[in-house]
Amino acid sequence: MTLSPHLDELELGSAVEFPPEPHAQLLNPRNTERYTADMLQAVNAVAARIAATDRPFTGTSPARLRPAVNAINLDRPLSDTAAALEELETVYLRDAVYFHDTKYAAHLNCPVVIPALAAEAVLSAVNSSLDTWDQSAGATLIERRLVDWTAERLGFGPGADGVFTSGGTQSNLQALLLARNHAVEQLHGPTGPRRLPHALAPLRIFASRASHFSIAKSAALLGLGYDAVISVECDRHRRMDPDALRTALAESQVRGEYPMAVVATAGTTDFGSIDPLGPVARLSREAGSWLHVDAAYGGGLLASLRYRHLLDGIASADSVTVDFHKTFFQPVSSSAVLVRDGSMLRHVAYHADYLNPASAAREQIPNQVDKSLQTTRRFDALKLWLTLRTMGADAIGSLLDAAIDLTFRTARLLEADPDFELAAPPQLSTIVFRYRPAGVGEDCTDDLNRHIRRALFASGDAVVAGTVVDGRHFLKLTLLNAETTLADLAGILGLISRTGDAWLRGGEA
Ligand SMILES: *Cc1c(COP(=O)(O)O)cnc(C)c1O
């Protein structure tokens, strides 16, 4: 029997010659010395770059960087980690955006804690995959402990469960998928979810205007369409207005629709605003809806020593999203979706003979793939594990508390300056504001703030974000760095006004 035409041509028994180099790059008992030496080189390259960095960004542009990246011949390897790292310095490390810098105050990117980086080295080298027990062993148990730990901090009971995900977007998608299938089951019985398309039309999701765009995206991905999301008005603090929610639910009921999910946001991406969880939970329950709390941003409050009360009421949620890679100071990616009733995860359980046969479930072999949208999955939980085992939750919470304190102090600085205008009082660790010296009109103020943001980024001296509030362009600071001082912030505000004034002098001509 011919196994393969290629095997036929091989002289079986003769040594097959491989160049020695590829073998030397495999991590195995023979190559541990090389492994440690190369890892150390990589770590040293990062350490040297970070030590030399004195601003968040060099201000490079795609036009400047693209030719250098494109000029590299990927079919001509350098055959040496040191040389590859040296090259990487010029195409990436030197010009990267550094979130640890105290003048980085733009998006929800955090400085990362070192125990989590040690964990990254461990988890990628062992390379466990958290789909099945036979690809992970203890890693699965560690992830389950962290799911339980998080659920307990949420105030969920013993029946809670959850799974780590790649980020808040995926956590929200999974939560809404559970909510969708739960709703279809309510309407059409246990076999309903097998015949979904016919059952989707009446389903609606209620989320505030300030909710994350992944809610609308999830609705589209789940076959409901963007229009299935009913936008609920906010109060002037950009928190969901419970009266508006009550009205929206009632109007929807009159139209014969079905409230599949109410989404409360605990920490909106722009304003850090936290929807009134208690009243929203009550309305959701009365309507017979699933309550999802998107705490991708506010989840870090679970470890806070002084601001945990901001999450009061979260225990009534059916599902919660927590992004550890935002307010737990973990490197990307690390997120989780938690459910109060663990049995709801059955809505993502499928069995495959080659992976997680139903017999394994009967033998109670812990396979996380039964609960996840992903198959092969990183052991991201290890980062939080080593962080908790090294520093503890209080230390993590104190880092967030420092960032929140700084936010309130910075807002006072802005309030005291008549040239600045706050869009809303800060509630977590973001500030939305604009630079508007006396006598500058609305349209010009839009251009001015757009220009300031771009000019700062191009200078690399500070990085701030921008957003649109009621049709007007605003600047945004997201503060997650406990090392940043009020003096750093005063420095950023000084850069903003100087940049703005220079533009006004030249730009109005
Ligand atoms: C960041 C964020 C998300 C999305 O999380 P990713 O980890 O970026 O996918 C969802 N919701 C809110 C409120 C967020 O701030």
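In listed order, ligands and their atoms are each counted from 1. The structure presented is a predicted model; accordingly, all values stated were derived computationally and were not measured.
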- Task: Compute the minimum heavy-atom distance from Ser335 to ligand 1 and say whether it is under 4.0 Å.
- Result: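 For ligand 1, residue contact (heavy atoms, under 4.0 Å) with Ser335 is absent.
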- Query: Is there a heavy atom in Thr268 that sits closer than 4.0 Å to ligand 1?
  - Reply: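 No heavy atom of Thr268 comes that close to ligand 1.
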Tell me which donor-acceptor pairs under 3.5 Å the side chains of residues 112-120 have, and how far apart each pair is, sequence neighbours excluded?
residue, atom, partner, partner atom, Å
Glu120, OE1, Arg378, NH2, 2.6
Glu120, OE2, Arg378, NH2, 3.1
Glu120, OE2, Lys383, NZ, 2.7

Residue [X] vicinity, atoms of ligand 1 by number, heavy atom under 4.0 Å:
X	result
Asn172	10 (C), 11 (N)
Ala296	2 (C), 3 (C), 10 (C), 11 (N), 12 (C), 14 (C)
Gly267	13 (C)
Asp323	5 (O), 6 (P), 7 (O)

Give yes if a backbone or side-chain nitrogen or oxygen of [X] is under 3.5 Å from a nitrogen or oxygen of ligand 1, and no if not.
X	value
Asp294	yes
Thr269	yes
Gly168	yes
Ser214	no

- Task: Could you check Asp294, Thr169, Asn172, Thr265 and say which one makes a side-chain hydrogen bond (donor to acceptor under 3.5 Å, both in side chains) with Thr321?
- Result: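 Output: one option passes, namely Asn172.
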- Message: Looking only at the side chains, is there a donor atom on one of Asp323 and His325 sitting less than 3.5 Å from an acceptor on the other?
- Response: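 Asp323 vs His325: donor-acceptor pair found between side chains.
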- Message: Given His212, Lys326, His325, identify the one with the heavy atom nearest to atom 2 (C) of ligand 1.
- Response: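 Of the listed residues, Lys326 has the closest heavy atom.
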- Query: If hydrogens are left out, which of Leu173, Thr265, Leu108, Thr169 has an atom nearest to atom 9 (O) of ligand 1, that is, the closest non-hydrogen atom?
  - Reply: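 That would be Thr169.
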- Could you tell me how the ring of Phe99 sits relative to the ring of Tyr104: parallel (under 30°), tilted (30 to 60°) or perpendicular (over 60°)?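 Rings of Phe99 and Tyr104: tilted, as their planes differ by 30° to 60°.
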- Message: Using 30° and 60° as the class boundaries, would you call the ring planes of His309 and Tyr307 parallel, tilted or perpendicular?
- Response: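 Rings of His309 and Tyr307: tilted, 30 to 60°.
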- Does the gap between the ring centers of Phe474 and Phe433 come in under 6.0 Å?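 No, the ring of Phe474 stays outside the 6.0 Å limit from the ring of Phe433, centre to centre.
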- Task: Taking the six-membered ring for Trp and the full ring for Phe, Tyr or His, determine whether the centres of Phe164 and Phe324 are under 6.0 Å apart.
- Result: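 Between Phe164 and Phe324, the centre distance is under 6.0 Å.
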Mind listing the side-chain donor-acceptor pairs of residues 243-251 below 3.5 Å, one per line with the distance, residues two or more places apart or on another chain?
residue, atom, partner, partner atom, Å
Asp243, OD1, Arg246, NH1, 2.9
Thr247, OG1, Asp243, O, 2.9

